[in-house]
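Comments concern the structure below.
What you see below is based on every heavy atom in this structure, not just the backbone, and it leaves out hydrogens, waters and symmetry mates. To find a chain, count down the sequence lines: A is the first, B the second, and so on, and within it residues start at 1.
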There are 2 protein chains.
Amino acid sequence: MIYVCNTITRQGADMAHDHASDCPSCQEPAAAFSRHDHAHCAQDVLERADGLVAQSGARLTPVRRRVLEILLEEHRAMGAYDVLKRLAAEGYGNQPPVAYRALEFLVEQGLAHRIRRLNAFAACMHPGEAHAPAFLICRNCNIVAEAPAAAVRKALDAAADMLGFLVERSTVEALGLCPACRDQAA
Amino acid sequence: MIYVCNTITRQGADMAHDHASDCPSCQEPAAAFSRHDHAHCAQDVLERADGLVAQSGARLTPVRRRVLEILLEEHRAMGAYDVLKRLAAEGYGNQPPVAYRALEFLVEQGLAHRIRRLNAFAACMHPGEAHAPAFLICRNCNIVAEAPAAAVRKALDAAADMLGFLVERSTVEALGLCPACRDQAA
DNA sequence: GCGTTGTTGATATGATATAACGCATGGATC
DNA sequence: GATCCATGCGTTATATCATATCAACAACGC
Ligand SMILES: [Zn+2]
Ligand SMILES: [Zn+2]
Ligand SMILES: [Zn+2]
Ligand SMILES: [Zn+2]
């Protein structure tokens with residue numbers, strides 16, 4: 001299947017990763033929203049997730065791994081109950097805590113992100129790489145892309161520092177139009 | 001009464017406003033978290049709100065105005081149901097839509113902000129001034145401050161633009177420690 | 001084996017948010 | 001004045017998001 005990838009990875013010190021260079025998400029930033037076979041990306045992320053979790057001493061149990069797979073398959077921000085429906089249909093528990101716990105675990109491990117504007121979760125497409133992404137949410141087609149935001153964080157830290165405020169975690173989310181919907185509107 | 005003001009206003013082209021210069025929120029950024037008599041700020045904001053709404057053709061009805069007053073009085077981020085309790089106690093409707101509609105109106109008019117991380121709303125302390133603030137949320141004492149974020153938005157716009165994404169609205173929220181709690185922790 | 005820890009599943013509840021309907025008001029139009 | 005229409009309000013009901021608590025069970029170290 002062909003998807004539009006919600007991944008945006010820049011080649012560079014902060015975002016580089018080590019898998020095959022034919023990964024569409026590892027090309028130029030301008031290619032982030034372009035259509036490509038997402039199966040490769042998903043498979044790559046899963047493999048890296050296995051390694052990262054083992055390395056941290058945590059356990060990527062069946063439910064947790066399945067939730068990550070679902071997020072990768074669906075390839076969009078999903079509500080906890082959306083995930084739960086999928087789990088229930090596959091014989092896992094169908095109670096909210098099952099989904100919330102798995103999602104919380106994935107977020108803690110850096111394998112997924114929480115999109116507060118949507119009350120939803122999305123798989124991180126470059127786990128293990130230090131990053132604090134900004135999320136770009138298209139109001140027309142609902143695609144969610146992760147954008148490198150080192151400069152944004154830096155500006156935020158500076159603004160907070162002027163007031164004596166110490167930033168520990170931050171949320172940067174933008175609502176607007178993706179390239180495709182932007183063209184369509186014009 | 002003495003409050004800590006959740007307002008941070010900088011004297012400068014983007015944030016200046018025209019009322020009396022003894023407003024604590026109009027002093028140096030470093031004074032943003034300091035204690036002061038908030039009644040002056042609240043009164044000033046209400047007066048400006050009246051003017052702004054009239055100017056835009058909208059109507060600041062009793063319920064809407066009362067919600068703004070409540071937000072200003074409480075001087076913190078409030079959940080919709082907190083506001084609703086206050087309204088109900090004063091004889092207004094006690095159903096969720098009453099509060100949500102008024103809050104939505106205030107946000108649309110730029111008289112209040114929605115803080116997604118807290119699922120809450122706070123009065124804007126400098127309505128009418130072009131601004132897209134970042135919110136600084138203390139994880140210890142829950143104070144919420146509005147910080148000027150022009151540089152942050154600029155960086156975000158630039159990051160999005162590199163991907164062809166057009167930002168229309170954005171959410172920038174930081175969780176951390178306010179100056180007081182930071183000192184206390186040290 | 002056996003206690004300890006962590007994971008899962010179930011029940012129940014709490015918290016946040018919106019859909020849909022009908023009525024009242026107030027201004028524009030006839 | 002009567003009619004129409006747009007707007008706001010109140011209500012019922014429902015949808016969506018999230019957590020507290022307990023019981024069963026599995027993995028692990030001893
Ligand atoms: Zn990839
Ligand atoms: Zn789009
Ligand atoms: Zn004040
Ligand atoms: Zn504090």
Inset, instruction - With B:Arg114 as the cation and B:Phe121 as the aromatic partner, state whether NZ or CZ is under 6.0 Å from the six-membered ring centre and within 45° of the axis. - result: no
Legend entry - Distance in angstrom units between A:Leu118 CG and C:dA17 C1', rounded: 15 Å
Legend entry - Exam field: side chain B:Arg117 to backbone A:Ser170, donor-acceptor pair closer than 3.5 Å: no
Legend entry - Closest nucleotide among C:dT8, C:dT16, D:dT19 to the A:Tyr100 side chain: D:dT19
Inset, instruction - Can you tell me the distance, in whole Å, between the CG atom of A:Leu60 and the P atom of C:dT7? - result: 11 Å
Inset, instruction - Determine the contact category for A:Arg116: base if any of its heavy atoms lies under 4.0 Å from a base atom, sugar-phosphate if only primed atoms, P, OP1 or OP2 are that close, otherwise nothing. - result: nothing
Inset, instruction - Respond yes when some side-chain nitrogen or oxygen of B:Asn119 is under 4.0 Å from OP1 or OP2 of C:dA17, and no when none is. - result: yes
Legend entry - Any B:Arg59 side-chain nitrogen or oxygen under 4.0 Å from OP1 or OP2 of D:dA6: no
Inset, instruction - Grab the CD-C1' distance between A:Gln95 and D:dA23 for me, whole Å please. - result: 13 Å
Legend entry - Polar pair under 3.5 Å, donor/acceptor by atom type, side chain B:Arg101, base D:dG10: yes
Inset, instruction - May I ask you to verify if any side-chain N or O of A:Arg64 is less than 4.0 angstrom from the OP1 or OP2 atom of C:dT7? - result: yes
Legend entry - Gap between atoms CD and P, on A:Glu104 and C:dG6 respectively (whole Å): 14 Å
Legend entry - Between P of D:dA18 and CD1 of A:Ile115, the distance in whole Å: 12 Å
Legend entry - Between D:dC9 (C1') and B:Leu87 (CG): distance, integer Å: 12 Å
Inset, instruction - Please confirm whether any donor atom in the side chain of A:Tyr81 sits under 3.5 Å from an acceptor in the base of D:dA15, or the reverse. - result: no
Inset, instruction - Grab the two heavy atoms, one from A:Pro96 and one from A:Tyr81, that are nearest each other, plus how far apart they are. - result: CG-OH, 3.1 Å
Inset, instruction - Specify the separation, in whole Å, of atom CZ of A:Arg66 and atom P of C:dT8. - result: 15 Å
Inset, instruction - Would you confirm whether the ring centroid of B:Phe135 sits within less than 6.0 angstrom of the ring centroid of B:His113? - result: yes
Legend entry - Length of the line joining A:Arg117:CZ and C:dA17:P, which is rounded to integer Å: 13 Å
Legend entry - Distance-only donor-acceptor check, side chains B:Thr171 and B:Arg116, under 3.5 Å: no
